[in-house]
Amino acid sequence: MSIEPEKTYNPKESEERWREFWEKEEIYRFDEKSKKPIFSVDTPPPYVSADHLHQGHIMSYSQAEFVVRYKRMRGFEVYYPMGFDDNGLPTERFVEKKYNLNKNKISRNDFIAKCLEETKIGSKTYQDLWRLLGISVDWTKTYSTINEHSQKISQVSFLDLVKKQKAYRAKKPIMWCTTCQTALAQADLEDEEKETNLVYIKAKTQAGQEVVFATTRPELLPSCVGMSVHPTDERYKNLVGQKAILPISQAQVEITTDEMVDPNFATGIVYFCSSGDRQFLDWETKHPIKNKIYLLDPNGKMNRLAGKYEGLTVLETRKQIIDDLQALGYVEKIEKITHSVNTHERCGTDIEFVDSEQWFIDVLNFKKELLAQADKMRWFPLFMKQKYIDWVSNLRWDWCISRQRYYGVPFPVWYCQKCREIILAQESDLPIDPTMQKPKIEQCPKCGCADFEPEKDVMDTWATSSVSPSIAAGLVENQATKAKLYPTTLRPQAFEIIRTWLFYTVVKSLYNFDSIPFKDIMISGHGVDSQGKKISKRLGNYTDPKEIIAQYGADSLRYWATGALLGSNLKYSEEGVRKGKRTVTKLFNAGNFCFAHFEKNNFQKIDLAGLKAEDKWILFNLSLAIKKITDHFDNYEYSKAKDETDNFFWHYFCDNYLEFVKHRLYQDQPDPTAKQVLYRVLLDILKMYSPLMPFITEKLYQDYFRQFEETKSIHISAWPEPMESLDSSQKEQADFAQALLVIDKIRAYKSSKQLSQGKEIEFFKTKIPLPKNLITFVKSVCKVKDIKF
RNA sequence: GGGCGUAUAGCUCAGUUGGUUAGAGCGUUUCGUUGACAUCGAAAAGGUCUCCCGUUCGAGUCGGGAUACGCCCACCA
């Protein structure tokens, strides 16, 4: 043999070589002038605050990558940009924790500088890993959600909504985090089971009758504005309409009836406190009260209205007031209960309700329209659509988009000091920071005064990431091409951000453009540990992907990631990675075996007339496999595509076909037809594996095929087509199936007799009728001198 | 309380429109292979497809119900 192949495959060296090759040759560059149909991806911009990347990240980012590589080979001009979500609370919280900072004790500019610094480190970490993994994004098309480009698009979107009266400013009760000291949206909440005290407090009516109510929030007692019992509760009929005198404050509140009271819970008497919980807000609409009493300052401390408790935190007050009530004899009993409370997902602090002026986007009035959008997009898998429908149907709040924070996109807005008129920035001036710049107009159009106050709040992080399709499309210069990038073809994302990223993007797209933001949605599950638990830093149940890649190679890790069915979690198993490694090695060996026989000759064209039965069989099955695999990829079922490719490569090609043709390769005059078929089948196998394992397939392509094939990389070569010209009749296939059965029998026979498969036997007796032309074939494959029927 | 998902071999999971004897990988057992590959090959053992009822000539697959687990939402004084 003239080619002396490498004995073993070294993924580390090989993969780095092809990474450099792809970068140098700009294989994944988006061609703005291309005439091909476009396939665009609204890549999820990861939070750069993640300082511990793990297998879960690999899994969720690989899935779009598999599809993208397939589409590229199918003749699409693929637009695959990469964003980094670095603005907003997630980054702020990360910086606060890492440097033990408090946003109130550091200047706005210093804080932002620190965030920007971390942002840079974070995006570098991601970029390095994606490069290592072979993610085929066009790195000339990147954005960060805090950069000027994104800020401008986000602000344009906001101004548009204001003008369309979909965004509005209002003072109303909102959800508040006392740790992060900002307003929140419904989507920012999380449920948490907590143990707490249910305190039974004794009050008296004016008439001196005892009224016992139970509460988990005794600290709100100074803000109590009323009590209610269930209208049918016979026990308390005589209390209704009376006034109760509250302990400590001595305030008097009216006892009313309300359907929402559960007579079976505790004493059946509820006390309502201004903004104590969501239930109060409902109650308030039916029981109008003159003066609401707000006890809480934004930092979660009691104000002057709390009297002696002023300056204490909620929890301190709770403890203190229970002591006081007990000392005064107002406590009947205390029960320990567990209940779930709404907490802020970023810091775990219990949510409080405060009355505050914020910016909102109207969603409650457009539920119907927002639900209708769901039907205009294709969901993979379909059942995930239900999560969106459930979320939209259950919305209780308009989307609060203002955050009392520093590191985010500013609102392009000022207010007239005198009349509070809202002054909007001009679109041509965007992006703008109103705290740094003054409005263009000299006077307030309403009152004529010249004093303007900038909006100091920044936008919710989702208010910007929800325009990611526009941000991504905006990176393209060519106007005609840019227009084709909206709506995006595919939105890949994880299921847990359906209620945030997905929902908010649909909202923005509907209001800004009266359009869907993307056509297809591919939802992934999580990468979880081998026990099925979510991978997290806290549990320590993760491995650094870089270590896995160093040990097994990126192809092997990617191979594990292909195991995920759409929408399902995928358990991490090193065994799965090892299976990938085995597949890589098998490809390497099978490839080198063929190349050794090909030498440097071209077997690109198949001489159809010279095809033998086994050739027709493998080509026929290749066509079947191509059809199935193509179909799976078209439905974003890369996992099923992988199974099918494995099956064809391993069992049809390696275990059988290679064995079938060996005798034709080793004879004195090797059969060129066999080599032609090997060329074709092996090349198609490499192509079908290439979206999943880009490195080994590129290497084998370059080692031999490249000299005869047109494209400089396998990743921009044409996807395999089934051979329609091949005339393989049912009869031929049936005959060959008979031959396979006999081969199986002979193999089983040798195995049962503990004989080597290569051991020649005198004869084999079978009842299976074998077509004449296949008798010789079976004899030479199985090393049998004679077959008797 | 509502919604969604899952339940198939020891383990991890496939099973498309209902159709002979329910599959794969790993693991186990028994062998073989030194001319691509011990990162291989051949074979064996291993399943009342969670349970009940129904539709059907026929159900792992369709319908109804139950149970268990997981996730989401709501309630939570």
Side-chain angles (χ1 to χ4, degrees), chain A residues 1 5 7-9 186 189 191 193-194 196 198-201 213-218 220 224 227-228 258 260-262 265-273 276-280 283 337-342 381 383-387 389-391 393-396 495-496 498-499 525-526 528 530 532 534 552 556 563 565 567-571 573 575-576 578-597 628 631-632 635 637 639-640 643-644 646-647 650-651 654-655 658-659 662 665-666 744 746-759:
Chain A
M1 305 293 159
K7 285 290 178 215
T8 51
Y9 177 60
Q186 189 175 349
L189 307 186
D191 286 348
E193 284 285 327
K194 287 192 177 178
T196 190
L198 181 63
V199 187
Y200 289 70
I201 299 172
F213 60 94
T215 178
T216 56
R217 306 221 40 195
L220 296 176
C224 175
M227 288 189 197
S228 287
D258 196 300
M260 73 165 72
V261 175
D262 176 2
F265 185 89
T267 63
I269 303 176
V270 187
Y271 92 139
F272 287 95
C273 302
D277 55 21
R278 229 216 84 80
Q279 206 180 1
F280 169 78
W283 181 84
I337 61 162
T338 49
H339 65 165
S340 64
V341 276
N342 276 328
F383 70 79
M384 285 294 177
K385 184 167 138 184
Q386 195 59 39
K387 284 195 194 291
I389 291 171
D390 287 350
W391 178 255
S393 309
N394 291 324
L395 279 169
R396 306 287 296 267
F495 68 88
E496 79 271 24
I498 289 174
R499 68 181 199 181
H526 275 140
V528 292
S530 55
K534 192 171 171 174
Y552 296 101
S556 305
L565 256 67
S568 308
N569 291 344
L570 178 65
K571 287 180 183 166
S573 77
E575 188 49 46
R578 275 199 283 269
K579 177 81 194 302
K581 184 82 194 292
R582 278 200 291 276
T583 308
V584 169
T585 306
K586 188 88 174 168
L587 276 168
F588 175 83
N589 285 315
N592 283 318
F593 171 77
C594 293
F595 300 162
H597 288 281
K628 281 189 211 164
D631 209 41
H632 289 319
N635 287 307
E637 293 280 10
S639 169
K640 290 179 181 173
D643 284 345
E644 205 62 57
D646 273 352
N647 184 44
W650 217 280
H651 302 301
C654 293
D655 294 349
L658 282 184
E659 300 303 323
K662 270 181 184 168
L665 298 175
Y666 284 119
D744 274 355
I746 298 173
R747 283 174 176 171
Y749 170 78
K750 286 187 179 177
S751 190
S752 70
K753 294 286 174 197
Q754 305 193 355
L755 294 170
S756 146
Q757 294 297 336
K759 170 91 180 166

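Within every chain, numbering begins at 1; the chains are lettered A, B, ... in the order of the sequence lines, protein sequences first and strands thereafter. On a predicted model such as this, the values are computed, not experimentally measured, just so you know.
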With both distances under 3.5 angstrom, what nucleotide forms a Watson-Crick or G-U wobble pair with rU29(B)?
rA43(B)
Tell me the partner of rA74(B), counting only Watson-Crick (N1-N3 plus N6-O4 or O6-N4) or G-U wobble (N1-O2 and O6-N3) with both under 3.5 Å; none if nothing fits.
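Across any shown strand, rA74(B) pairs with none.
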Let me confirm one number: the OG-NE2 distance from Ser568(A) to His526(A), rounded to the nearest 0.5 Å.
12.5 Å
Choose from rA36(B), rC40(B), rA74(B) the nucleotide whose nearest atom is closest to any side-chain atom of Cys654(A).
rA36(B)
Looking only at atom C1', what distance separates rA14(B) and rG47(B), rounded to whole Å?
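Each nucleotide's C1' atom is 15 Å from the other's.
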Side chain of Leu565(A) - closest among rA14(B), rC71(B), rC37(B):
rA14(B)
By nearest-nucleotide position on RNA chain B, the 5'-leaning member of Ala590(A) and Asn569(A) is Asn569(A)
In whole Å, I'd like the distance from the CZ atom of Arg578(A) to the C1' atom of rC40(B).
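That distance rounds to 17 Å.
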Asp631(A) CG - rU17(B) C1' separation (whole Å):
14 Å
What integer number of Å spans the P atoms of rG19(B) and rU61(B)?
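Each nucleotide's P atom is 11 Å from the other's.
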Once you round it to whole Å, what is the distance between C1' of rA74(B) and CG of Asn342(A)?
10 Å
Check: Asp643(A) main-chain N/O paired with Asn647(A) side-chain donor or acceptor under 3.5 Å
no
To the nearest angstrom, how far is Phe280(A) atom CZ from rC76(B) atom P?
14 Å
Using a cut-off of strictly less than 4.0 Å, decide whether Gln186(A) has a side-chain nitrogen or oxygen near OP1 or OP2 of rC72(B).
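Checking rC72(B) against Gln186(A), no side-chain N or O comes under 4.0 Å of OP1 or OP2.
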Using the rule given for side chain to side chain contact (heavy atoms under 4.5 Å, CB included), can you reason through Ile389(A) versus Gln386(A), listing the C-alpha separation, both sets of side-chain angles and the distance that settles it, and then say yes or no?
CA-CA 5 Å; Ile389(A) 291 171; Gln386(A) 195 59 39; 4.1 Å; yes
For rU21(B), give its Watson-Crick or G-U wobble partner with both distances under 3.5 Å, or none.
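Pairing partner, where one exists within any strand: none, as none qualifies.
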Categorize Trp650(A) for me: base, sugar-phosphate, or nothing, with a 4.0 angstrom heavy-atom threshold over every strand shown.
sugar-phosphate
Select base, sugar-phosphate, or nothing to describe what Ala266(A) touches, counting heavy atoms under 4.0 Å on all strands.
nothing
Atom C1', compared across rU50(B) and rA9(B): separation rounded to whole Å:
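So the two C1' atoms sit 15 Å from each other.
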Nearest to the side chain of Glu659(A), which nucleotide is it out of rG15(B), rC76(B), rA36(B)?
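Closest of the options to the side chain of Glu659(A): rA36(B).
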Look at all strands and tell whether Val261(A) reaches a base, only sugar-phosphate, or nothing, counting heavy atoms closer than 4.0 Å.
base
Describe the nucleic acid contact of Thr216(A) in one word from base, sugar-phosphate, nothing, applying a heavy-atom distance below 4.0 Å.
sugar-phosphate
Is there a side chain to side chain contact (heavy atoms under 4.5 Å, CB included) between Cys273(A) and Arg217(A)? Walk through the geometry before answering.
CA-CA 9 Å; Cys273(A) 302; Arg217(A) 306 221 40 195; over 6 Å; no
Selected nucleotide, minimal atom distance to Ser340(A) side chain, candidates rC71(B), rG41(B), rC76(B)
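Ranking rC71(B), rG41(B), rC76(B) by closest atom to the Ser340(A) side chain puts rC76(B) first.
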I want to verify a distance call: between rC76(B), rC40(B), rC37(B), whose nearest atom is closest to the His339(A) side chain?
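Shortest atom-to-atom distance from the side chain points to rC76(B).
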For each nucleotide in nucleotides 4-12 of chain B, reading 5' to 3', give B when a protein heavy atom comes within less than 4.0 Å of its base, S when such contact involves only the sugar-phosphate, and - otherwise.
SS------S
Mark yes when over 12 heavy atoms from residues, nucleotides or ligands other than Lys194(A) sit less than 6.0 Å from its NZ; otherwise mark no.
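Correct, the count exceeds 12.
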Hey, does the side chain of Gln279(A) come within less than 4.0 Å of rC76(B)'s phosphate (OP1/OP2), counting only N and O?
yes
If I pick the C1' atom on rC4(B) and the same atom on rC40(B), what distance separates them, to the nearest angstrom?
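Per the computed distance, 44 Å lies between those C1' atoms.
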Whole-Å C1' distance, rA22(B) and rU8(B)
8 Å
Euclidean distance, atom CD of residue Glu193(A) to atom C1' of rC76(B) [Å, nearest integer]
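Rounded to whole Å, this separation is 9 Å.
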Any side-chain to backbone donor/acceptor pair from Glu193(A) onto Thr338(A)? Under 3.5 Å, distance only.
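Side chain of Glu193(A) to backbone of Thr338(A): no pair is present.
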Value in whole Å for how far the C1' atom of rG1(B) lies from CG of Asn394(A)
12 Å
Nearest 0.5 Å, please: how far is CZ in Phe272(A) from CG in Leu220(A)?
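Reported to 0.5 Å precision, the distance equals 13.0 Å.
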Please give the distance between the P atoms of rC51(B) and rG10(B) as a whole number of Å.
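These two P atoms come out 14 Å apart once rounded.
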Is any NZ, NE, NH1 or NH2 atom of the basic residue among Arg582(A) and Glu575(A) found under 4.0 Å from an Asp or Glu carboxylate oxygen of the other?
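Salt bridge: yes.
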Calculate, to the nearest 0.5 Å, the distance between atoms CZ and CG belonging to Phe593(A) and Leu665(A) respectively.
5.5 Å
Rounded at 0.5 Å granularity, tell me how far OG in Ser573(A) sits from NZ in Lys579(A).
10.5 Å
Scan nucleotides 19-27 of chain B nucleotide by nucleotide, 5' to 3', and note B when protein non-hydrogen atoms come under 4.0 Å of the base, S if they reach only the sugar-phosphate, - if neither.
------SS-
On RNA chain B, compare the nucleotides closest to Thr215(A) and Asp643(A); which residue's is nearer the 5' end?
Asp643(A)
Specify the separation, in whole Å, of atom CG of Asn589(A) and atom P of rG41(B).
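Result: 11 Å.
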If I pick the P atom on rG64(B) and the same atom on rC76(B), what distance separates them, to the nearest angstrom?
32 Å
Hey, does Leu658(A) reach any base, or is it just sugar-phosphate, or nothing, if we go heavy atoms under 4.0 Å?
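Base contact.
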What is the base-pairing partner of rU16(B), counting Watson-Crick and G-U wobble geometry with both distances under 3.5 Å?
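Checking every strand shown, rU16(B) finds no partner, since no pair has both distances under 3.5 Å.
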Considering only atom P, compute the distance from rA44(B) to rA24(B) and round it to an integer number of Å.
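So the two P atoms sit 10 Å from each other.
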Under 4.0 Å from OP1 or OP2 of rC31(B): is there any side-chain N or O of Tyr749(A) that close?
no
Just how far, in rounded Å, is C1' of rA36(B) from NZ of Lys662(A)?
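After rounding, the gap between these two atoms is 6 Å.
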Determine which nucleotide pairs with rC51(B), using a 3.5 Å limit on both distances of a Watson-Crick or G-U wobble pair.
rG65(B)
Examine distances only and state if a side-chain atom of Asp258(A) and a backbone atom of Met260(A) form a donor-acceptor pair shorter than 3.5 Å.
yes
Any strand counts, and the cut-off is 3.5 Å on both contacts for Watson-Crick or G-U wobble. Which nucleotide pairs with rC37(B)?
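When the pairing criteria are applied, nothing turns out to pair with rC37(B), so the answer is none.
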OH of Tyr9(A) to NZ of Lys581(A), rounded to nearest 0.5 Å, is 9.5 Å
Atom pair CD/NZ of Glu659(A) and Lys662(A) - distance to nearest 0.5 Å
3.5 Å
